[in-house]
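Remember, it's 1-based here, ligands and their atoms both numbered in the order they're listed.
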Amino acid sequence: MPAPTKLLILVGTMTNTAEYVAQAIEMDCADLIESIEVRMMNGLDISVFDGDALYLLCTSTYGAGDVPDNAHALYDSLGSQPKFLGHVRYGVIALGDSSTHPQTFCNGGLRFDERLADLGAVRVGEVFRIDAAAGTEPEAVGTAWCRDWLALALQAEAKA
Ligand SMILES: Cc1cc2nc3c(=O)[nH]c(=O)nc-3n(C[C@H](O)[C@H](O)[C@H](O)COP(=O)(O)O)c2cc1C
């Protein structure tokens with residue numbers, strides 16, 4: 001399989017932190033891949049995975065361990081319109097707060113990961129958690145992680 005030329009970042013957010021992380025990645029990682037697109041999850045469905053991009057789900061967690069409001073349509077469609085996603089390679093940045101929500105820490109991202117894996121998509125690397133309680137800057141830790149992750153993902157595809 002040729003290495004993907006595009007990174008598509010799908011953003012699930014309520015108060016924009018995940019969006020800022022995605023935008024920082026778009027700027028910081030531009031030298032690593034031909035193109036990076038940041039797309040809000042609003043109104044998307046499973047067909048967004050029809051392309052040949054490398055996918056990065058960047059989503060926070062709301063309610064009791066749920067995906068944010070703008071991610072529901074996409075998340076639900078992975079269950080209601082299931083299809084085999086064996087061609088999909090993806091990563092996950094999961095945002096949450098371990099101090100206020102220890103039982104459901106980062107579950108929004110973990111839910112996407114579980115559903116994508118169920119459909120045969122292959123995660124590259126581990127889920128990266130950004131903890132609001134850690135006192136780190138989400139954009140800084142997110143871009144640093146993504147540079148390593150992107151290198152790993154592109155290497156893996158070039159070898160495949
Ligand atoms: C009402 C509410 C519910 C939340 N529920 C969870 C949760 O269940 N698990 C978790 O890890 N974080 C939870 N969080 C924390 C957010 O996911 C975290 O602050 C995140 O950085 C917000 O990102 P966003 O600005 O992109 O939405 C919750 C926050 C709020 C305000």
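Remark: Asp66 engages Arg111 in a salt bridge, criterion side-chain N to carboxylate O under 4.0 Å.
Rounded to the nearest 0.5 angstrom, Leu8 CG and Phe49 CZ are separated by 8.0 Å.
Other residues, nucleotides and ligands contribute at most 12 non-hydrogen atoms within 6.0 Å of the CD atom of Glu114. Within a 6.0 Å sphere centred on CD of Glu34, heavy atoms belonging to other residues, nucleotides or ligands number 12 at most. Counting heavy-atom neighbours within 6.0 Å of Asp52 CG, excluding the residue itself, gives a total of 12 or less.
The nearest heavy-atom contact from the protein to atom 26 (O) of ligand 1 is Thr13 OG1, 2.6 Å. Scanning all protein heavy atoms for the shortest distance to atom 13 (C) of ligand 1 gives Thr61 O, 3.3 Å. Taking atom 19 (O) of ligand 1 as the reference point, the nearest protein heavy-atom neighbour is Ala132 CB, 4.1 Å. With respect to atom 23 (O) of ligand 1, the closest heavy atom belonging to the protein is Ser60 CB, 3.1 Å. Nearest protein heavy-atom contact of atom 25 (O) of ligand 1 is Thr15 OG1, 2.4 Å. When only non-hydrogen protein atoms are considered, atom 8 (O) of ligand 1 lies nearest to Thr104 OG1, 2.7 Å. Nearest to atom 12 (N) of ligand 1 among the protein's heavy atoms is Asp97 N, 3.1 Å. The nearest protein atom to atom 2 (C) of ligand 1, hydrogens excluded, is given as Tyr62 CD2, 3.4 Å; this is a heavy-atom distance.
Taking a cut-off of under 4.0 Å to the non-hydrogen atoms of Gly96, the atoms of ligand 1 that pass are 10 (C), 11 (O), 12 (N), 17 (O). Every atom of ligand 1 is numbered from 1 in the order shown, and the set under 4.0 Å from a heavy atom of Thr17 is 23 (O), 24 (P), 25 (O), 26 (O). Which parts of ligand 1 touch Gly65 is read off a 4.0 Å heavy-atom cut-off, strictly below it: atoms 8 (O). Listed by number with element, the atoms of ligand 1 under 4.0 Å from a non-hydrogen atom of Ala18 are 26 (O).
Between the side chain of Thr61 and the main chain of Gly108, a donor-acceptor pair closer than 3.5 Å is present. Looking at Arg147, its side chain does come within 3.5 Å of a backbone N or O of Asp28 through a donor-acceptor pair.
The residue from Leu95, Asp69, Asn70 that alone fulfils the side chain to side chain contact (heavy atoms under 4.5 Å, CB included) condition with Met14 is Asp69.
The shortest separation from a heavy atom of Asn16 to ligand 1 is under 4.0 Å, placing the residue in contact. Ligand 1 lies less than 4.0 angstrom from a heavy atom belonging to Cys106.
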Inset, instruction - Verify side-chain hydrogen bond (donor to acceptor under 3.5 Å, both in side chains) between Tyr75 and Ser80, making sure each step is shown before the conclusion. - result: CA-CA 9 Å; Tyr75 180 73; Ser80 61; over 6 Å; no
Inset, instruction - For Ser98 and Asp131, run side-chain hydrogen bond (donor to acceptor under 3.5 Å, both in side chains): C-alpha distance rounded to whole Å, both residues' side-chain angles, the deciding distance at 0.1 Å, then the answer. - result: CA-CA 6 Å; Ser98 66; Asp131 187 355; 2.4 Å; yes
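Any N or O atom pair closer than 3.5 Å counts here, and Ala64 shares no such pair with ligand 1.
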